[in-house]
Protein chains: 2
Amino acid sequence: MNHSEIMIDRVLVHLFNDLLRIEEKTLQKKIGDLSMREVHIIEAVCASQKEDNTMTVLAATLRVTVGSLTVAIKTLERKGYVIRQRSQSDKRRVHVLPLPPALEVEKHHRAFHARMVEAVTSTVPPQELDVLIKSLHAIYDYFYDQEEA
Amino acid sequence: MNHSEIMIDRVLVHLFNDLLRIEEKTLQKKIGDLSMREVHIIEAVCASQKEDNTMTVLAATLRVTVGSLTVAIKTLERKGYVIRQRSQSDKRRVHVLPLPPALEVEKHHRAFHARMVEAVTSTVPPQELDVLIKSLHAIYDYFYDQEEA
DNA sequence: GCCCTATCATTTGAACTTCAAACATTCGAG
DNA sequence: CTCGAATGTTTGAAGTTCAAATGATAGGGC
């Protein structure tokens, strides 16, 4: 691999990994007794549209089994971040709803992401930003086509 | 966040996690009884320069505590992928050396990364690749300056 | 209405990863 | 030589995840 290729590899592999750590460090004071994993579960709960906040849908969004999510949500419920509600129309379904502490955490979490994106857009010259976006689109599409196959 | 910003966020956050899954799926048949975590430990062991293969240095590279690495290396040693050698010059130090099975795994692992980079370079038009590389450099530098602060 | 299957969720036991703290050994400066 | 620093190991606990077993409900076909 040449220099540019090593750069691409490093970004693809390490940057994203390290961003998670930076995120954790940045949010440390805001998330209290939550792990980053729990923060991202809260993110999914807050972001879910009406009727899309069932265990099965959330688990698919988060790419874990429903069993794993049950364990996680049980903890978050105990900690007072979410509540569960049996669906009235289909009593097999469980809807997960955020409580105020979850909304508060998600506010900080969203703010971090906004700052992160701002960091990119402010770092790359405007005339080059279009090319970057286009490239990222292409890369994103490529890998997601791969994954589906 | 507008459309482009959402794209940046998505790439920065999700692509990494998904790449790790794609990597795992791709290498599945090659890595036998190893987890991806173990593959990346083997990568660090194989990539370490002479005298940089001690527990402390490897742990720093992998961003885990030395205690964690001890546990992991112990397993890899039992599985026959690495061996440990006490340093002669400094008997506190332990050098970790790859055995043939580790070299074999690392070969497949490196090949995957090469294909991944190839995917990017072949997806993005040549004239736009320069801009992409330059942008990635800027982004990379930005976040790593952040982290040190 | 009654079965049978599919769907949705929970529980449980096991595996993996990680860390902090306690401990042991060795080195090196004074 | 002595003592603090550096290097690793061990251990116990916590977090995450999954597969498999289980329970409950829904819905179609009879």
Side-chain angles (χ1 to χ4, degrees), chain A residues 17-18 20-21 24-25 27-28 31-45 48 51-79 81-97, chain B residues 17-18 20-21 24-25 27-28 31-45 48 51-79 81-97:
Chain A
N17 199 7
D18 295 342
L20 199 60
R21 282 209 341 283
E24 182 168 18
K25 210 163 110 189
L27 292 179
Q28 216 162 29
I31 59 180
D33 56 351
L34 298 170
S35 67
M36 280 312 294
R37 187 71 195 120
E38 293 177 313
V39 170
H40 287 124
I41 292 173
I42 286 176
E43 175 187 22
V45 171
S48 62
E51 295 303 309
D52 277 355
N53 57 352
T54 64
M55 295 300 288
T56 296
V57 175
L58 287 173
T61 302
L62 292 163
R63 321 251 197 191
V64 295
T65 62
V66 182
S68 300
L69 188 58
T70 296
V71 176
I73 291 291
K74 204 160 53 174
T75 307
L76 285 176
E77 193 169 32
R78 181 173 49 70
K79 289 183 179 175
Y81 287 92
V82 303
I83 52 170
R84 277 189 273 204
Q85 278 183 352
R86 281 277 162 192
S87 167
Q88 285 308 305
S89 55
D90 184 342
K91 284 173 188 155
R92 293 170 304 179
R93 289 192 168 88
V94 170
H95 295 283
V96 184
L97 302 171
Chain B
N17 280 316
D18 296 341
L20 200 59
R21 283 211 334 285
E24 182 168 17
K25 210 163 110 190
L27 292 180
Q28 217 164 26
I31 60 179
D33 57 350
L34 298 171
S35 67
M36 281 312 295
R37 186 73 194 116
E38 291 176 315
V39 170
H40 288 123
I41 292 172
I42 285 175
E43 175 189 20
V45 171
S48 61
E51 294 302 308
D52 276 355
N53 56 353
T54 63
M55 296 299 287
T56 296
V57 175
L58 287 173
T61 301
L62 292 162
R63 321 251 197 191
V64 295
T65 61
V66 182
S68 300
L69 189 59
T70 296
V71 176
I73 292 292
K74 204 161 51 175
T75 307
L76 285 176
E77 193 169 33
R78 179 173 50 71
K79 290 183 180 175
Y81 287 92
V82 302
I83 51 169
R84 279 188 273 203
Q85 278 183 354
R86 281 275 163 195
S87 168
Q88 288 306 308
S89 55
D90 182 343
K91 285 174 187 152
R92 293 170 304 178
R93 289 193 168 88
V94 170
H95 295 283
V96 185
L97 301 170

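Chain A is the first sequence line, chain B the second, and so forth, proteins listed ahead of strands; every chain is numbered from 1.
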Original post:
If you round to the nearest 0.5 Å, how far is OG1 of B:Thr61 from NE2 of B:His40?
Top reply: 13.5 Å
Original post:
So which one's nearest nucleotide on DNA chain D is more toward 5', A:Val64 or A:Lys91?
Top reply: A:Val64
**OP:** For A:Leu58 and D:dT17, give me the distance from atom CG to atom P, rounded to whole Å.
**Re:** 14 Å
Subject >> For atom CD1 of B:Ile73 and atom P of C:dT17, their distance in whole Å >> reply: 12 Å
Original post:
In chain order, what residues pass the side chain to side chain contact (heavy atoms under 4.5 Å, CB included) check against B:Thr65, with sequence neighbours excluded?
Top reply: B:Ser68
Subject >> Between CD on residue B:Glu77 and CD1 on residue B:Ile73, distance to nearest 0.5 Å >> reply: 8.5 Å
Original post:
Could you give the NE2-to-C1' distance, from B:His40 to C:dC16, as a whole number of Å?
Top reply: 16 Å
Original post:
Taking atom P of C:dT11 as reference, at what distance in whole Å does atom CD of A:Glu77 sit?
Top reply: 10 Å
**OP:** Figure out the CZ/C1' separation between A:Arg63 and D:dT16, and round it to whole Å.
**Re:** 18 Å
Original post:
About how many Å separate CG of A:Asp90 and CD of A:Glu51, when rounded to the nearest 0.5 Å?
Top reply: 10.0 Å
Subject >> Spacing of B:Leu62 atom CG relative to C:dC19 atom P, expressed in whole Å >> reply: 11 Å
Original post:
Would a distance-only check, ignoring hydrogens and angles, find a side-chain to backbone donor-acceptor pair under 3.5 Å from A:Arg86 to A:Arg92?
Top reply: yes
**OP:** Let me know the distance between CE of B:Met36 and P of C:dT18, rounded to the nearest Å.
**Re:** 13 Å
**OP:** Mark up nucleotides 6-15 of chain D, 5' to 3', with B wherever a protein heavy atom is under 4.0 angstrom from a base atom, S wherever such an atom reaches only the sugar-phosphate, and - elsewhere.
**Re:** BSSBB-----
Subject >> Distance, rounded to the nearest Å, where A:Glu51 contributes CD and C:dC8 contributes C1' >> reply: 14 Å
**OP:** For A:Glu38, enumerate each residue passing the side chain to side chain contact (heavy atoms under 4.5 Å, CB included) test, keeping only those at least two apart in sequence or located in another chain.
**Re:** A:Leu34, A:Ser35, A:Thr75, A:Leu76, A:Lys79
